[in-house]
Enquirer: 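Below is one structure. I have some questions about it.
The model shown is predicted, which means the values in this text are computed figures rather than measured ones. We count ligands from 1, going down the list as the structure has it; atoms in each ligand are counted the same way.
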Amino acid sequence: MEQQKEKAIIIGVQLWNRSDFAYSMEELSNLAEACHIDVVGELSQKVTRVNPSHYIGTGKIQELAALFSDKDASVVICNDELTPSQIRNLESSLDCKVIDRTILILDIFGERAQTREAQLQVEVAELHYMLPRLVGLRESLGRQGGGAGLKNRGSGETKLELDRRKIEDRIAALQSELEKLVGRRQTQRKQRRKNEVPVICVVGYTNAGKSSLMNAMIEQYNPRADKQHKQVFTKDMLFATLETSVRSITLPDRKTFLLTDTVGFVSQLPHHLIKAFRSTLEEVSEADLLIQVVDISNPDYEKHIQVTNDTLKELGADHIPMIFAYNKSDLTEHAYPRVEKDLVYLSARQQSGMEELTQLIRDRIFQNYMACEILIPYEQGRLVAYFNEHAHIQSTNYEPDGTRLKLECRVSDYHQFRDDFQQL
Ligand SMILES: Nc1nc2c(ncn2[C@@H]2O[C@H](COP(=O)(O)OP(=O)(O)OP(=O)(O)O)[C@@H](O)[C@H]2O)c(=O)[nH]1
Ligand SMILES: [Mg+2]
């Protein structure tokens, strides 16, 4: 496999007002690497407007062709999503394979998808991407096959129409299967809402350590849980997580919340992909609180925060309160664990800073709790059991008229059961 690795030249056009260009090229190169492609050269062009027919200007094409043969490359990767005709024209001018940022991301997602839901979502996104590009694909196939003559063109187009219909049918079939899967999850989500368990979503740039942070929290507060079952998958690669996993965390004082791990973000996430992953990402827009995990050891971390914030906005989740976990502090000079307003320096790997993070969480989602002292008549014994399960009991005394509890409970529970106990 190693020997067959493709060699790529990456190319990008920098619009006059684009300040994050260098970073986006770097990111493209990382995406290529995640796709097992070696980047052997790089070209860029400053322009006021993207060339609608070839993406880059004519002069640049010459330069690109020279670099391509010089480096013995096998593919050209463009930093933006190209139109079908741009790909087609570039391919024929350069006489080589041309792919764009979107295909790279789709390929990585395709390779990583584990669950049926993730696989369906990726395939829907791929088909949507392919649909308007069928002509181009067919032509490039035709060229490889020795060129399609005029005579073949007619049959080709009929074939094309057929292909298009087939793809549309397939998309519809996949989507209906997806809806069934998604429906189940939405029911679960509604159930959780009814139980009023707060939902916290872990978001952030890909590879920041979101899944590791989930695991560190599980380990800290629910260490006896069956490890195999509870721990989520982590790995040093882009997009290790493509599915949402939800874990319940119960703090020592019995306050409970749900922690949700999500897909990592990257700049310019393809529109079709966001749409296809809508149901997965809905968890984010319905959360009570977001924890943005940032890899503070990465020199580009500010850029990552920007990308994450932009993506959250696109998902309609920018109104949700957010706290920051500056992760991987162990790789930096920063002192940790340390809290600064709404951010905490921590290390998920060393499981350091979880209590500090929890304190930030508490301040934000457990405001609707109240302390009280009550007397529960013995005939309401089940209420004592309920509070033991759902409240933080500070003391219990058995008195002639009932059980005396000093506790901290949800305001809503207090009101719901107000008639069944005596306030002291
Ligand atoms: N040194 C150090 N490494 C960490 C820390 N937290 C996570 N990592 C490493 O960073 C890599 C990515 O961690 P993940 O938890 O998979 O990251 P993620 O944000 O879930 O990534 P995606 O799901 O791919 O978006 C892994 O190799 C982790 O071991 C940390 O606190 N310190
Ligand atoms: Mg992950």
Enquirer: Tell me the protein heavy atom at minimum distance from atom 8 (N) of ligand 1, and give that distance in Å.
Expert: K328 CE, 3.6 Å
Enquirer: Indicate yes or no: at least one non-hydrogen side-chain atom of F421 is less than 4.5 angstrom from one of L405.
Expert: no
Enquirer: On the 0 to 90° scale, with breaks at 30° and 60°, tag the Y326-Y301 ring pair as parallel, tilted or perpendicular.
Expert: perpendicular
Enquirer: Determine whether a donor-acceptor pair (N or O, by modelled atom type, separation under 3.5 Å) exists between the side chain of T311 and the backbone of V266.
Expert: no
Enquirer: Could you identify the single nearest non-hydrogen protein atom to atom 17 (O) of ligand 1 and state the distance to 0.1 Å?
Expert: G209 N, 3.1 Å
Enquirer: Among D330, N215, I296, which one puts a heavy atom closest to atom 2 (C) of ligand 1?
Expert: D330
Enquirer: Taking the side chain from Q86 and the backbone from N51, do they hold a donor-acceptor pair closer than 3.5 Å?
Expert: yes
Enquirer: Tell me: protein heavy atom nearest atom 15 (O) of ligand 1, and distance?
Expert: S212 OG, 2.6 Å
Enquirer: Which one holds for L331 and ligand 1: side chain close, backbone close, both close, or neither close, with close meaning a heavy atom under 4.0 Å?
Expert: side chain
Enquirer: What protein heavy atom sits nearest atom 19 (O) of ligand 1, and how far off is it?
Expert: K210 NZ, 2.7 Å
Enquirer: Which protein heavy atom lies closest to atom 29 (O) of ligand 1, and at what distance to 0.1 Å?
Expert: R349 NH2, 2.8 Å
Enquirer: I'd like to check which ligand 1 atoms, numbered from 1 as shown, lie under 4.0 Å from a non-hydrogen atom of G264.
Expert: 25 (O)
Enquirer: With a 4.0 Å cut-off on heavy atoms, does G204 reach ligand 1?
Expert: no
Enquirer: Would you say T262 has an N, O or S atom lying under 2.8 Å from the Mg ion (ligand 2)?
Expert: no
Enquirer: Could you see which bit of T206 sits under 4.0 Å from ligand 1, with heavy atoms only: side chain, backbone, both or neither?
Expert: both
Enquirer: Under a 4.0 Å N-O cut-off, is there an ion pair linking K97 with E6?
Expert: yes
Enquirer: Please report the interatomic distance CD(E408) to CD(Q394), rounded to the nearest 0.5 Å.
Expert: 6.0 Å
Enquirer: Once you measure the plane-to-plane angle for F109 and F277, does it fall in the parallel (<30°), tilted (30-60°) or perpendicular (>60°) bin?
Expert: perpendicular
Enquirer: Which atom pair, heavy atoms only, marks the closest approach of C201 to A287?
Expert: CB-CB, 3.8 Å
Enquirer: Surrounding CD of E355 (heavy atoms of other residues, nucleotides or ligands, distance under 6.0 Å), is the total greater than 12?
Expert: no
Enquirer: In terms of residue, atom name and distance, what is the protein heavy atom nearest to atom 6 (N) of ligand 1?
Expert: N327 ND2, 3.1 Å
Enquirer: When you compare ligand 1 with A208, is there at least one nitrogen or oxygen pair between them that comes in under 3.5 angstrom?
Expert: yes
Enquirer: Is the shortest side-chain heavy-atom distance between Q14 and N79 below 4.5 Å?
Expert: no
Enquirer: So which protein heavy atom does atom 21 (O) of ligand 1 come closest to, and at what separation?
Expert: N207 N, 3.0 Å
Enquirer: In the protein, what heavy atom is nearest to atom 24 (O) of ligand 1, and what distance, to one decimal place, separates them?
Expert: A240 N, 2.5 Å
